[in-house]
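Taking it in order: structure first as structure tokens, then the write-up.
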Amino acid sequence: MEISLPVTSEESRDNAFSQSRSSSVSSIDKETKEAITALYFMETFARKNDQTPSPCLWVGTSLGMVLIVTLNMPSTEEQRLTEPVMVSPSGTVLMLKGAILTFSCLDCMGSHIRPPYEIWRDPNSLDDNEKTRKRKLVMFSPSSSQDMGDHQFAVVCSEKQAKVFSLPSQTCLYVHNITETSFLLRADIVTMYNNVLLACFCANGHIMTISLPSLRPLLDVNYLPLTDMRIARTFCFTNGGQALYLTSPTEIQRVTYSQEMYDSLQEMLGDLFSLVETPEAQNKGFLKGLFGGSGQTFDREELFGEAAAGKASRSLAQHIPGQGGLEGVKGAATGVAADLYRARIGLDERGQRLGELEERTAGMMSSAEAFSKHAHELMLKYKDKKWYQF
């Protein structure tokens, strides 16, 4: 009795490979371990005999191989809508040690040539007119190929070394072995004070800068060993001597390796609070005192004294002292005349006080009427207004 076991596709492939371990099979196994690690679009010379630069795609692999793919695009916009883009290998192969990390292109003067881009606009948009709807290719190259003398520098950086090639001759001009015992995690071509640099972050925590195109080491600082894979995945260099990486899922760490940037760092820091002067205490408003509802004590002298009501008028009762003054009164103290004299003086004083009281009462009545009138006017003025309109 025979029992047939199901054979998986993986087992059948292993059996097929075990039957013949030729050199071709070994090369297939080697190719399956290779992967693309970097892509870069640039307008450069794809072959040695090219006279003008053309759109190209530079492909870097994990085994240190650089392939250049040419892109043949239609010349006009109308043809671009009907004709496809032709992609073909150029046959150019460059080799480096380690996996490829980044590419860049420099002109004959050593200036960084950024890849050209095209501004996209919605063709169905009604806001744009016919002029703005046309696509325009933005070029960053400083001049044409004839002005540059058909000469460019291609910068290629891998995990272990960096090379500078002269185009279109594809001659290797400079080679620099960045590290032997470790490997690079990140490499970027940045500009710093009108100079182009190659900034590298190594797995042993070193930050290095290398000049371009001469590949001379400029800086090597031990900053941060690789303790978190989040740092390795998010670390990147920016222009102006700065770098960024994520220390946590919600925190960004910003570092600088430029002395000038460090000196101006305090000026760029922001303040949490704006310093302002403490305002003075506001005076108590009339309406707040009128409608506030809080009780307030008054002094009798403030209401009825001379400071508030003014000096009393003497037109109603006037004190006319007799001849001799106090001595005359003493002399007439005996007898009926003295009594009548004292009674007259008392009546005069009483009449004077009654006149002062009547005058104060009239003044208070006039003040109360004026106060009532002003209060009524204010009530009519602010009757329809909200509290925030005062």
Side-chain angles (χ1 to χ4, degrees), residues 34 36-40 42 44-45 48 56 58-68 92-115 148 151-226 231-232 235-243 245 255-259:
E34 189 174 8
I36 296 176
T37 57
L39 294 173
Y40 192 79
M42 70 174 74
T44 183
F45 303 93
K48 291 184 179 181
C56 300
W58 288 53
V59 182
T61 66
S62 58
L63 297 182
M65 184 178 298
V66 179
L67 305 175
I68 303 178
T92 302
V93 179
L94 307 175
M95 293 297 299
L96 273 81
K97 186 191 302 182
I100 304 299
L101 295 180
T102 185
F103 305 99
S104 184
C105 187
L106 309 178
D107 61 7
C108 59
M109 302 301 294
S111 300
H112 188 204
I113 302 178
R114 295 178 178 85
M148 292 187 296
H151 190 75
Q152 290 180 350
F153 296 107
V155 181
V156 185
C157 182
S158 67
E159 293 179 340
K160 295 290 186 179
Q161 63 178 187
K163 287 186 178 182
V164 176
F165 297 91
S166 177
L167 301 178
S169 62
Q170 299 180 5
T171 304
C172 183
L173 299 179
Y174 305 99
V175 180
H176 178 66
N177 294 321
I178 301 175
T179 179
E180 294 292 342
T181 58
S182 184
F183 60 93
L184 295 183
L185 296 173
R186 181 75 181 193
D188 292 302
I189 286 83
V190 297
T191 58
M192 181 175 173
Y193 309 114
N194 299 324
N195 296 317
V196 184
L197 304 176
L198 175 61
C200 307
F201 178 60
C202 196
N204 56 13
H206 284 245
I207 293 179
M208 295 168 283
T209 58
I210 303 171
S211 66
L212 292 177
S214 58
L215 295 182
R216 290 185 295 104
L218 301 177
L219 178 68
D220 189 352
V221 179
N222 187 7
Y223 172 65
L224 180 66
L226 181 59
I231 300 177
F235 198 97
C236 63
F237 292 94
T238 61
N239 296 329
Q242 302 177 78
Y245 63 89
V255 299
T256 179
Y257 48 91
S258 170
Q259 183 64 35

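Just so it is clear, the values below take in all heavy atoms, side chains as well, and ignore hydrogens, waters and symmetry mates.
- Smallest separation of non-hydrogen atoms from Leu39 and Val59: CD2-CG2, 3.7 Å.
- Nearest heavy atoms, Tyr193 versus Ser258: OH-OG, 2.9 Å.
- How far CZ of Phe45 is from SG of Cys56: 10.0 Å, rounded to the nearest 0.5 Å.
- Residues Pro213 and Tyr174 come closest through the heavy atom pair O-CD1, 2.9 Å.
- Here the CG atom belonging to Leu197 is positioned 10.0 Å from the CD1 atom belonging to Ile189, to the nearest 0.5 angstrom.
- Applying the ring-ring contact (aromatic ring centres under 6.0 Å, His included) criterion to Tyr245, with sequence neighbours excluded, gives Phe235.
- Residues Trp58 and Ile100 are not in side-chain contact: their nearest non-hydrogen atoms beyond the backbone lie 4.5 Å or more apart.
- Within the 4.5 Å cutoff, the side chain of Val221 has no heavy atoms near those of the Tyr257 side chain.
- The distance from atom CZ of Arg186 to atom SG of Cys200, rounded to the nearest 0.5 Å, is 11.0 Å.
- Annotation for Leu167 and Ala154: closest pair CD1-CB, 3.7 Å, computed over non-hydrogen atoms.
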Quick one, Gln152 with Leu106, criterion side-chain contact (heavy atoms from CB on, under 4.5 Å). Give me CA distance, side-chain angles, the key distance, then yes/no.
CA-CA 6 Å; Gln152 290 180 350; Leu106 309 178; over 6 Å; no
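- Between the Thr256 side chain and the Gly241 main chain, a donor and an acceptor come within less than 3.5 Å of each other.
- At least one donor-acceptor pair under 3.5 Å links the side chain of Ser158 to the backbone N or O of Lys97.
- The shortest side-chain heavy-atom distance between Phe103 and Val66 falls under the 4.5 Å cut-off.
- Asp188 places no side-chain N or O within 3.5 Å of a backbone atom of Ala199 that could act as its donor or acceptor partner.
- Rounding to the nearest 0.5 angstrom, the gap separating the CD1 atom in Ile178 from the CG atom in Asp220 is 10.5 Å.
- The side-chain hydrogen bond (donor to acceptor under 3.5 Å, both in side chains) check on Thr92 picks up Gln170, with sequence neighbours excluded.
- The shortest distance between side-chain heavy atoms of Gln161 and His176 does not fall below 4.5 Å.
- Side-chain contact between Thr209 and Leu198: absent, with no pair of heavy atoms (C-beta onward) separated by less than 4.5 Å.
- The line from CE of Met208 to OH of Tyr223 is 15.0 Å long, rounded to the nearest 0.5 Å.
- Phe183 places none of its side-chain heavy atoms less than 4.5 Å from the side chain of Leu101.
- Applying the side chain to side chain contact (heavy atoms under 4.5 Å, CB included) criterion to Ser62, with sequence neighbours excluded, gives Glu34, Ala35, Thr37, Ala99.
- Cys202 approaches Leu185 most closely through the heavy-atom pair O-CD1, 4.2 Å.
- With values rounded to the nearest 0.5 angstrom, Thr179 atom OG1 is found 8.5 Å from His206 atom NE2.
- Considering all non-hydrogen atoms of both residues, Asn204 and Ser182 come closest at N-OG, 3.6 Å.
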